[in-house]
Amino acid sequence: MAIRIGIFGYGNLGKGIECAIKHNPDLELKAVFTRRNPDSVKILTEDVKVCSAEDASKWKDEIDVMILCGGSATDLPVQTPKLAEYFNVVDSFDTHARIPEHFEAVDEAAKKSGHVGMISVGWDPGMFSLNRLYANCILPGGHDYTFWGKGVSQGHSDAIRRIAGVKDARQYTIPVESALEAVRSGKNPELTTREKHTRECFVVAEEGADLKKIEEEIVTMPNYFADYDTTVHFISEEELQRDHAGIPHGGFVIRTGSTGWNDENKHVIEYSLKLDSNPEFTSSVLVAYARAAYRMNKEGQTGCKTVFDVAPAYLSAQDGAELRKHML
Ligand code: NDP
């Protein structure tokens with residue numbers, strides 16, 4: 001029998017989960033839940049109901065894993081512990097500094113109800129975290145580097161949109177190629193924020209707006225742009241729609257280190273992602289971890305888990321014998 005999945009919250013990630021389920025025949029979409037009027041939310045799958053978020057608990061015997069697709073800032077800290085009372089849950093909580101407290105809240109709820117609550121799944125946190133951990137275990141005396149991009153940063157795009165005279169904006173974070181090369185060469189460079197990434201902004205201004213003033217406000221904005229070399233391009237609304245509608249992202253996790261009695265041999269471990277669609281890729285990771293959450297719970301495990309707690313074989317639709325034959 002297929003693993004029955006629910007989607008809680010239907011934004012970019014919600015839609016991405018729907019697409020990912022289509023690519024995983026051992027999973028079945030049971031229902032989509034939204035806080036908005038369910039009739040106003042149109043989904044891709046035929047014959048699957050969109051239901052009110054308030055009715056989710058009524059589905060506790062119909063859904064094996066609920067995948068939470070709300071935002072990290074205010075939705076998930078409330079939704080994940082709440083829904084762990086009724087379901088195995090998976091979320092993509094990405095406020096790194098607050099992961100310990102989120103873990104505690106989900107752990108308490110999931111242990112009490114006998115479910116697995118898998119948090120902070122995606123690419124960062126998620127696949128990047130796993131690769132940082134593997135590389136640290138293998139090269140304990142080395143150096144870690146994470147570069148992000150080229151990709152759209154939603155937070156930085158929003159910050160530009162809040163400036164007076166700005167109609168719309170898209171911001172790309174771009175790794176500095178020379179910094180990447182210095183890291184890959186094994187030189188272990190000490191890199192400042194400015195040396196690692198640049199920021200490129202595409203801005204649609206209101207008619208008659210003072211462009212010089214907008215640009216100045218962007219490049220000097222503390223926390224967001226002041227510490228970076230930032231380029232601002234003013235473009236038309238049509239150009240923004242035509243050339244910047246996607247949500248690409250990606251990045252690099254690199255660890256350099258040495259082995260041998262006198263550290264005579266150098267090693268570089270690199271994991272990189274180049275994603276056309278950040279939410280669709282994140283969703284593909286989430287469904288693999290939903291499979292793991294279901295299996296781990298079936299084996300009697302409960303409480304909060306992160307990607308560090310999941311053995312790789314739990315993620316695969318193939319069984320152990322197939323994996324040993326084809327992947328080892
Ligand atoms: P969205 O803003 O698209 O969706 C978030 C929620 O907003 C939805 O669940 C939905 O809830 C509501 N919503 C969506 N569209 C509308 C609309 N038109 N009107 C009103 N409400 C709407 O966020 P994303 O799906 O892009 O991302 C969700 C979170 O995923 C991010 O906050 C981020 O923290 C995390 N993330 C994590 C990654 C990782 O690597 N770990 C990578 C990428 C993202 P409802 O249906 O209930 O209204």
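All figures in this text were calculated on a predicted structure; none of them were measured in a lab. One-based numbering, in listed order, for ligands and for the atoms of each.
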Quiz prompt | Residues that F87 engages under ring-ring contact (aromatic ring centres under 6.0 Å, His included), provided they are two or more places apart | solution = none
For residues 177-193, dump all side-chain donor-acceptor pairs below 3.5 Å to protein atoms at least two apart in sequence or in another chain.
unit_1, atom_1, unit_2, atom_2, d
E181, OE2, R184, NH1, 2.9
R184, NE, E270, OE1, 2.9
R184, NE, E270, OE2, 3.3
R184, NH2, E270, OE2, 2.9
S185, OG, A182, O, 2.7
N188, OD1, T256, OG1, 2.6
T192, OG1, E195, N, 3.2
T192, OG1, E195, OE1, 3.3

Quiz item: Is it true that D168 and R161 have a side-chain N and a carboxylate O under 4.0 angstrom from each other?
Solution: yes
Practice problem: Could you please provide the protein residues found below 4.0 Å of ligand 1 on a heavy-atom basis, arranged by chain and number? | Solution: G9, Y10, G11, N12, L13, T34, R35, R36, C69, G70, G71, S72, S92, D94, V121, G122, W123, D124, P125, N278, T282
Quiz item: More than 12 foreign heavy atoms under 6.0 Å from NZ of K266: is that the case here?
Solution: yes
Self-check item: side-chain hydrogen bond (donor to acceptor under 3.5 Å, both in side chains) contacts touching residues 2-30 (sequence neighbours left out)
Solution: R4-D64, Y10-E18, E18-T45, N24-R291, D26-R291
Exercise. Indicate yes or no: does E85 engage K82 in a salt bridge with an N to O separation below 4.0 Å.
Key: yes
